4 protein chains.
Amino acid sequence: MARKRSDDKRRRILQAAVKVFARKGYFAARVAEIAARAGVADGTIYLYFRGKEDILVSLFDELMAEHVERASQEMQAVEDAPSRLRLIAEHHLRALGADRDLAVVFQVELRQSTKFMERFTASWLGRYFDLVGSVIEQGQREGTLRADVPRKLVAKAFFGTLDELVTSWVIGRKDYDLALLAGPAVDLLLRGAAAAGASTSGRAVLSVAAGRGGR
Amino acid sequence: MARKRSDDKRRRILQAAVKVFARKGYFAARVAEIAARAGVADGTIYLYFRGKEDILVSLFDELMAEHVERASQEMQAVEDAPSRLRLIAEHHLRALGADRDLAVVFQVELRQSTKFMERFTASWLGRYFDLVGSVIEQGQREGTLRADVPRKLVAKAFFGTLDELVTSWVIGRKDYDLALLAGPAVDLLLRGAAAAGASTSGRAVLSVAAGRGGR
Amino acid sequence: MARKRSDDKRRRILQAAVKVFARKGYFAARVAEIAARAGVADGTIYLYFRGKEDILVSLFDELMAEHVERASQEMQAVEDAPSRLRLIAEHHLRALGADRDLAVVFQVELRQSTKFMERFTASWLGRYFDLVGSVIEQGQREGTLRADVPRKLVAKAFFGTLDELVTSWVIGRKDYDLALLAGPAVDLLLRGAAAAGASTSGRAVLSVAAGRGGR
Amino acid sequence: MARKRSDDKRRRILQAAVKVFARKGYFAARVAEIAARAGVADGTIYLYFRGKEDILVSLFDELMAEHVERASQEMQAVEDAPSRLRLIAEHHLRALGADRDLAVVFQVELRQSTKFMERFTASWLGRYFDLVGSVIEQGQREGTLRADVPRKLVAKAFFGTLDELVTSWVIGRKDYDLALLAGPAVDLLLRGAAAAGASTSGRAVLSVAAGRGGR
DNA sequence: GATGAATGAGCGTTCATTCAT
DNA sequence: GATGAATGAACGCTCATTCAT
């Protein structure tokens with residue numbers, strides 16, 4: 001453990017950083033302000049983090065590892081893929097909907113640069129997509145999900161939809177319960193927006209493109 | 001004609017800015033580098049823009065106004081809502097898939113801060129959502145789209161899915177044709193991921209939440 | 001020429017730097033103070049120099065190149081090696097004795113670190129030793145200087161003596177004319193400190209060691 | 001015995017400091033690195049020294065007092081001034097030639113600033129010059145050294161020459177035995193660089209000081 | 001309009017020193 | 001005496017912006 005004395009100080013710095021990053025933005029955020037808000041001296045920051053950037057990266061690494069793990073565990077409560085997707089979505093929206101500052105950091109600050117995005121994608125998001133992808137695969141095997149849709153596309157639609165819901169909520173500053181949207185969102189993803197009986201013209205294209213698309 | 005030369009400089013500055021913002025990121029981008037790449041003096045930038053931020057904002061305002069307008073026109077080629085959504089999606093993916101630097105700016109750099117995000121949402125994205133929303137409403141009226149799903153939710157799923165597709169493409173650096181994903185993505189949105197005949201348990205929740213969720 | 005506009009500004013910065021380095025020492029010297037004393041903005045320094053260290057290095061490179069050149073020219077006024085050594089010594093002591101701040105910079109600040117010392121040795125001092133060495137060689141050829149003393153040793157004694165005279169003068173802060181010591185110092189170097197007729201026991205050792213000694 | 005352990009720590013700190021100062025330079029040297037190398041905690045340094053500067057000053061005061069004392073004793077082994085100068089020179093070169101790190105500290109680090117230089121001059125160097133000066137005076141009284149040369153000049157030439165030899169050796173990093181240069185250097189100082197019988201053109205200056213002719 | 005030299009505010013980080021344990 | 005976590009003052013440098021030419 002690289003930590004010196006108190007995990008308490010480390011936690012206070014991270015909490016302060018969430019507030020400051022969310023209110024000022026990563027670049028405009030001042031290390032001195034984070035320190036002041038955490039109740040430590042400026043230099044103390046550097047006993048716990050390598051620098052300003054390491055604070056942001058640590059926020060993401062440490063807090064989110066927990067959430068992916070938790071989503072993975074929570075979904076075990078049910079068996080079928082559709083239900084599991086619903087639980088994951090609920091957890092996703094609940095976790096970010098519970099703390100707007102944290103949501104700002106995740107929806108906005110962590111996407112500052114392609115550098116952060118790549119890191120974001122490579123670690124947390126990668127594992128998240130793996131989790132969702134495995135549930136989708138399960139659904140296709142058990143017959144609850146269409147097998148003619150590329151798994152990656154479904155995963156991206158799933159994540160993209162949730163991500164947009166969170167971003168809208170963060171930016172809109174309206175005070176509704178984000179987690180309540182999990183059910184409708186997953187229902188839409190599963191049943192589609194088309195009216196029953198309506199024919200959709202996407203079929204041909206779909207079969208052509210099936211299997212394509214990297215991440 | 002002086003006017004013409006000026007417009008040329010302005011365009012060159014914006015084009016240079018796209019390259020520099022995409023490669024360095026907004027904060028790390030140097031005004032001097034944009035000027036050099038545009039072939040103008042540093043000070044000349046300030047004859048055309050109020051400052052660095054104004055370049056980014058102008059990029060978005062000017063280039064994207066065109067895309068929303070074009071998407072609106074292109075969709076007139078077909079009548080029914082599902083087809084129109086497909087055309088809009090194709091245009092969305094084609095426009096960003098044609099220029100990765102531009103895509104980086106839109107997917108990453110323009111989302112630097114809540115300030116940019118809010119401006120982004122208020123102008124271009126607002127009109128884009130209005131466009132998509134009106135098509136969805138049309139679909140609900142004409143019976144091609146389910147009427148029991150909140151329009152805003154469908155619009156967010158539509159945009160969120162496309163946005164995630166673009167972001168994945170940008171970050172992944174793999175060289176596939178983004179526009180080919182429009183058909184499968186819209187098909188998924190319309191028909192859903194659930195296998196035919198599978199019952200989804202989201203119904204009850206959906207009806208409870210129907211009508212909720214602002215942005 | 002890397003310089004932008006005015007050589008005047010560059011010169012003013014160098015002159016200010018001599019004062020500040022001499023009074024505060026290199027490390028304690030503040031770039032802001034140099035700028036203020038030169039009458040330019042802090043940032044202007046960086047239009048003319050790569051950084052604080054480059055100011056010190058430039059001081060040395062630019063001002064001293066001139067002195068070596070001048071010493072080389074001045075000594076041409078006479079023919080025999082002893083006279084030439086006297087002229088070089090006079091120039092050395094006159095140049096540094098004319099400006100105590102400059103002397104402080106050369107005797108003290110430029111010797112901050114082995115890094116500076118090595119650079120110092122490699123460029124200016126190297127050429128200076130070459131100059132002195134060539135005069136000594138001339139003297140040995142023409143028969144005015146002993147041939148049984150390693151040239152490098154004589155050169156080091158020559159430089160070391162002058163260097164110590166300057167350093168003593170700088171540190172002592174007494175107000176005598178440094179250049180007046182050139183004659184006596186060179187006389188001592190040439191004729192030695194021993195009384196005529198006194199036998200010195202160094203001979204054997206000398207011949208053993210003759211030819212040794214790197215720099 | 002606590003006293004013994006303390007002295008041991010103090011010595012270890014000083015030894016560590018020589019290494020660190022020599023390798024990094026005084027300013028770049030980190031107190032923490034000295035502590036680590038000495039095997040004590042950072043704070044422990046301050047139980048033995050007032051601060052970083054005090055370590056350097058103490059190094060010089062304590063280690064060099066010993067050397068001056070020893071040089072003074074060693075020269076008693078012989079009687080005449082020339083021999084005594086030779087012994088002092090040998091001791092000077094041997095002491096510094098035995099430990100390059102120590103030599104770096106003395107030739108380079110201790111000359112960082114006029115402040116150090118003045119202190120250096122006032123204490124150790126002052127006593128060293130007194131010692132050398134008294135030997136020169138003795139030589140002039142006993143008739144082995146010319147009486148027409150200012151004692152201080154001879155002392156400065158003596159020290160300056162040795163100092164330059166040490167500095168060259170330190171900077172040059174060549175691996176010859178520094179102490180072997182004592183003989184030739186003192187021989188040069190005593191007998192001069194001029195060839196026997198050669199008339200030196202310094203005569204005019206010399207005759208001012210009532211000097212003698214060439215040998 | 002165009003230039004580019006000049007400006008100067010602004011800040012992340014280091015590290016000598018302290019002091020509670 | 002010894003420790004080492006905590007402190008916080010201090011500063012070189014960058015770069016968006018200005019303005020005299």
Side-chain angles (χ1 to χ4, degrees), chain A residues 3-6 9-10 27-36 38-55, chain B residues 2-3 5-6 9-10 26-36 38-55, chain C residues 3-6 8-10 13 27-36 38-55, chain D residues 2-3 5-6 9-10 26-36 38-55:
Chain A
R3 297 166 200 180
K4 301 289 168 20
R5 181 96 65 142
S6 75
K9 278 211 176 73
R10 186 184 175 87
F27 276 94
R30 300 298 145 222
V31 172
E33 187 177 348
I34 295 173
V40 301
D42 292 12
T44 303
I45 297 273
Y46 296 86
L47 294 176
Y48 294 90
F49 300 94
R50 250 165 306 161
K52 187 182 173 182
E53 182 176 321
D54 189 41
I55 301 177
Chain B
R3 179 66 189 149
R5 194 156 80 230
S6 289
K9 271 199 178 112
R10 183 184 178 88
Y26 175 74
F27 276 94
R30 301 299 152 221
V31 172
E33 188 179 347
I34 295 173
V40 301
D42 293 14
T44 304
I45 297 274
Y46 295 84
L47 297 175
Y48 295 90
F49 300 95
R50 252 165 304 159
K52 186 182 174 182
E53 181 178 321
D54 188 40
I55 301 175
Chain C
R3 298 164 198 176
K4 300 289 166 24
R5 183 97 65 141
S6 76
D8 172 58
K9 277 212 176 73
R10 185 184 176 87
I13 292 168
F27 276 95
R30 300 296 148 224
V31 172
E33 187 177 349
I34 295 174
V40 300
D42 292 15
T44 303
I45 299 273
Y46 296 87
L47 293 177
Y48 294 90
F49 301 94
R50 249 163 306 159
K52 187 182 175 184
E53 182 176 322
D54 188 42
I55 301 176
Chain D
R3 179 69 188 146
R5 194 156 80 227
S6 289
K9 271 201 179 111
R10 183 185 178 88
Y26 174 75
F27 276 95
R30 303 295 153 224
V31 172
E33 187 178 349
I34 295 173
V40 300
D42 293 13
T44 304
I45 297 273
Y46 295 85
L47 296 175
Y48 293 91
F49 301 94
R50 250 165 304 157
K52 186 181 175 182
E53 183 177 321
D54 189 41
I55 301 176

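Here is the naming used below: chain letters follow the sequence lines, and residue numbers restart at 1 for every chain. Owing to the predicted nature of the structure, the values given are computational and were not obtained by experimental measurement.
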Trainee: For the side chain of D:R50 and the backbone of D:L47, is there at least one donor-acceptor N/O pair under 3.5 Å apart?
Mentor: no
Trainee: Looking only at heavy atoms, what is the nearest atom pair of C:I34 and C:I13, with distance?
Mentor: CG2-O, 3.8 Å
Trainee: Rounded to the nearest Å, what distance is computed from the CD1 atom of residue C:I13 to the P atom of nucleotide F:dC13?
Mentor: 13 Å
Trainee: Using Watson-Crick or G-U wobble geometry with both distances under 3.5 Å, which nucleotide pairs with E:dA20?
Mentor: F:dT3
Trainee: Quick one: look up who F:dC13 pairs with, Watson-Crick or G-U, both distances under 3.5 Å, and put none if it's unpaired.
Mentor: E:dG10
Trainee: Between atom CZ in A:R10 and atom P in F:dA5, what is the gap in whole Å?
Mentor: 15 Å
Trainee: For the backbone of B:E53 and the side chain of B:Y26, can you confirm whether one donor and one acceptor N or O come within less than 3.5 Å of each other?
Mentor: yes
Trainee: Out of F:dA2, E:dA6, E:dT3, which nucleotide sits closest to the side chain of D:K9?
Mentor: F:dA2
Trainee: Mark up nucleotides 12-17 of chain E, 5' to 3', with B wherever a protein heavy atom is under 4.0 angstrom from a base atom, S wherever such an atom reaches only the sugar-phosphate, and - elsewhere.
Mentor: SBBSSB
Trainee: Rounded to the nearest Å, what distance is computed from the CD atom of residue A:E33 to the P atom of nucleotide E:dG10?
Mentor: 15 Å
Trainee: Taking CZ from C:F49 and C1' from F:dG12, how many angstroms apart are they, rounded to a whole number?
Mentor: 16 Å
Trainee: I need the CG-P distance between B:L47 and F:dT18, as an integer number of Å.
Mentor: 11 Å
Trainee: On DNA chain E, does the nearest nucleotide to C:V40 precede the nearest nucleotide to B:G39 from the 5' side, or the other way round? Give the residue.
Mentor: B:G39
Trainee: Please determine if a side-chain N or O atom of B:Y48 lies less than 4.0 Å away from the OP1 or OP2 oxygen of E:dA2.
Mentor: yes
Trainee: Locate the shortest heavy-atom distance separating A:F27 from A:K52; write the atom from each residue and the value.
Mentor: O-NZ, 3.1 Å
Trainee: For A:K9 and A:A38, indicate whether the former's side chain and the latter's backbone hold a donor-acceptor pair under 3.5 Å.
Mentor: no
Trainee: With a 4.5 Å heavy-atom cut-off, do D:D42 and D:V31 have their side chains touching?
Mentor: no
